[in-house]
Every structure is written in structure tokens, then in C-alpha cells.
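Numbering of ligands and ligand atoms starts at 1, following listing order. Along the sequence shown, residues are numbered consecutively beginning with 1.
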Amino acid sequence: MLSEISFEFFPPKTQAGQTKLQATCKTLNKSNPAYFSVTFGAAGSTQHHTLETVAALRQLSVDVAPHISCINTHKHDIDNMLKQYQSIGVNRLVVLRGDYPEGEEKTEGDFHYANQLVAYIREKFNHDFHIKVGAYPEIHPQAKDAATDFENFKRKVESGADEAVTQYFFDIDAYARFLERCEKTNIKIPIVPGIMPISHAEKLLRFSDMCGAKIPPQLKKQLLSFQDDREGLVEFGIDLVGKLCEDLIALGAPGLHFYTLNQTEPTTTIVSSLKR
Ligand code: FAD
């Protein structure tokens, strides 16, 4: 039985975008999500939009989990941000390292890796926040190898993470293997699969390339075969991702986290077809 679903947004940069997101949030909220998360621009440019978006969503009385990343960030920045979040009733966080701008693999701040930020928040804010971290069933793209990557994931758990949300994937075996690894290593926190609904073939392929999510060759061929048939692609995506969600529930996934890209569809159709 699936315990919870959650939805991810990115912060809009304009007032019109914020207004539209409020409407999107109200529609998605009818599916009774546990929370909405809001991404954070690690490169700096969109960081204040995250706080604005979180504050606007809190006005709708929904539970919000801001993402927070640590590269090029100092402890006092974290303290200030988290105090602001506490003042508007936020008590969940998605804690990440963030991505370096290309070619710059060094931080100007106090943290290098997400586990250090998790440990800092635990030390400074005790258990005021429920901390979620990222997990990569298909391995983080910069990791040396799977075993090292898993050791690094374990470090985040040992630093105090309460839960992990995965990068999206289309190969359920990758998630099953990751769960097995957790079990063998006695990692007991919930590992919630990240779900990417399909609405644009090229955009999905480009983004997957950037973030290291694998698109199986057969799926790539199918996606590209739709060419300009957007409706056909969306329908195909709803079936494929809906089936993936059902299989994940059958496998015992503790929840599903949807990367909505700020759209109600196709997420709403997929969620409404699930047996929850
Ligand atoms: P880490 O856990 O720090 O790992 C990063 C890399 O370093 C991995 O290869 C790991 O194996 C290695 N590593 C970790 N610890 C150590 C160590 N102690 N010593 C040596 N190597 C180590 N990005 C954003 O900019 N904004 C967002 O809002 C955002 N949201 C995301 C949400 C989810 C659910 C996920 C899965 C990713 C998100 N990302 C976001 C992307 C994320 O920032 C990148 O994938 C980033 O490259 C890694 O972040 P992390 O927190 O997983 O890093």
C-alpha cells in the first residue's frame, strides 16, 4: 500500500508564473499529497525565487519542502535561510550538494558534499527539520563507481537523513537493486522513487543526458517515433509511467515523488489512476 505522494515544482521567475503555480498547486492538492517541494538554483541566480515560491505556497496552507544546496554557501547563509523557513512553518527540507558550473569543481563556501550540510543542519537545528536527500539508483554521473557512490550515499544517511528521494529512472530493476543494497547495508530510511512524467521527447532526452538519468535505447526509439504527435506521446507516457508507478507500488515503494515541471498534466492523470 502506497503511503504518500509528493509533487516537485521549480520556482517561477515572474509574478505571472507565481500566479499560475498557485493554481497548479491548488489542482494538484486535490490528490492529497504529503507535501510540495521547490527546487533551488545552486548556481545562485534563482535562489531568492525559491524562498518567494515557498512563502507563496505556504499561504495556501500546504506543506512545503524547500530544496537547499550547499556549494558556494556559508554556514551563516544556511542559518539565515533556515530561520526564515522556520518562521513560515516549514519543517521539511530536501538537502543537496547542487551542481558546479561546468569546469569549476570547487566550492567557495563551507561545504563540499551534501552529507556535510546534513550533518550541519542536524547539529545546529537538531530535529527541527525532516531531512530528505538525493539518491541515484543508476549512479550519480560524477561518481567513480557504484560502490563508492553507495558509500557516499550511506554517509548522508549516517549524517542524519530521514528519507531519500531518487533521481528519476525508467528501469525499475535499478531501483530494486538500490533497495537490496540498502537492505544489505542496514539502511532503513524510506527510499522514495522520483517519477518523471513524459510530455516532450527531446526535452526529456536532453535533460536526462545532463542529470545522468538513463533512457533505455528501446524507450528512446519509441519516444522519438512520435515526432510531432504530441498527443500520442503524452498518451504513451501516461501508460508507461503509470505502469512504472504501479510496479513500484507492488515492489513496496514507500511513496512516489513526481517531477511535475510545474504542470498539472500528465501528473494528475497518472496519479488518479493509481490504487492508493
Ligand atoms: P552528494 O551526495 O554530495 O554527491 C555528489 C557526488 O559526490 C556524488 O558523485 C557522490 O558519490 C560524491 N560524494 C559525495 N560525498 C562525497 C565525499 N564525502 N567524498 C567524495 N565524494 C563524495 N540540484 C539543484 O541544483 N537544485 C535542486 O533543487 C535539486 N534538486 C534535486 C532533487 C533530487 C531528488 C535529486 C536526486 C537531485 C536534485 N538536484 C538538484 C541535483 C543535485 O544537486 C545533483 O545531482 C548534484 O550533482 C548532487 O547532489 P547530491 O546532493 O546528491 O550530492
> Decide whether the shortest distance between a heavy atom of Phe150 and an atom of ligand 1 is less than 4.0 Å.
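In this structure, Phe150 fails to qualify as a contact of ligand 1 - no heavy atom is under 4.0 Å.
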> Nearest non-hydrogen contact with atom 1 (P) of ligand 1 belongs to which option: Gly194, Ala146, Ala114?
Ala114
> For the residue pair Phe226 and Phe236, does the interplanar ring angle fall in the parallel (under 30°), tilted (30 to 60°) or perpendicular (over 60°) class?
tilted
> Would a line drawn from the ring center of Phe7 to the ring center of Tyr35 be shorter than 6.0 Å?
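No, ring centres 6.0 Å or more apart.
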> So among Phe170, Phe169, Tyr168, Tyr136, which one has a ring pair (Phe, Tyr, Trp, His ring centres under 6.0 Å) with Tyr175?
Phe169
> Suppose I only count heavy atoms of Val165 and a 4.0 Å limit; which atoms of ligand 1 are within that range?
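By the 4.0 Å cutoff, the relevant atoms are 34 (C), 36 (C).
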> Kindly assign one of parallel, tilted or perpendicular to the pair His67 and His257, based on the angle between their ring planes and the thresholds 30° and 60°.
tilted
> Are any of the N/O atoms on Thr148, whether in the backbone or the side chain, positioned under 3.5 angstrom from an N/O atom of ligand 1?
no
> Polar contacts were defined as any N/O atom of the residue lying under 3.5 Å from an N/O atom of the ligand; does this apply to Ala135 and ligand 1?
no
> Nearest heavy atom to atom 32 (C) of ligand 1: which of His67, Lys132, Lys144, His112 does it belong to?
His67
> Would you say Phe258 and Ser37 make side-chain contact, with heavy atoms under 4.5 Å?
no
> Taking side chain as C-beta onward, heavy atoms only, is Pro66 less than 4.5 Å from Val90?
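Yes, side chains in contact.
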> I need the atoms of ligand 1 closer than 4.0 Å to a non-hydrogen atom of Asp149, numbered in the order shown.
8 (C), 9 (O), 10 (C), 11 (O)
> Which ligand 1 atoms are under 4.0 Å away from a heavy-atom of Asp99?
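Counting from 1, the qualifying ligand atoms are 44 (C), 46 (C), 47 (O).
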> What do we get for Tyr136 next to ligand 1 when only non-hydrogen atoms under 4.0 Å count, side chain, backbone, both or neither?
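Side chain only; the backbone of Tyr136 stays clear of ligand 1.
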> Given side chains that start at C-beta, do those of Ile131 and Ile121 come closer than 4.5 Å, heavy atoms only?
yes
> To which of Arg155, Met210, Glu8, Gln116 does the heavy atom nearest atom 18 (N) of ligand 1 belong?
Arg155
> Keeping Lys188 on the side-chain end and Cys182 on the backbone end, is there a donor-acceptor pair under 3.5 Å?
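Judged by distance alone, no pair lies under 3.5 Å.
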> Would you call Thr166 and Phe178 a side-chain contact if the rule is heavy atoms closer than 4.5 Å?
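Side-chain contact under 4.5 Å: no.
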> Show which atoms of ligand 1 fall inside a sub-4.0 Å distance from at least one heavy-atom site of Thr39.
28 (O)
> Any N or O of Val94 that comes nearer than 3.5 Å to an N or O of ligand 1?
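The answer is no, given that Val94 and ligand 1 share no N or O pair closer than 3.5 Å.
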> Among Glu151, His140, Arg97, which residue places a heavy atom closest to atom 9 (O) of ligand 1?
His140
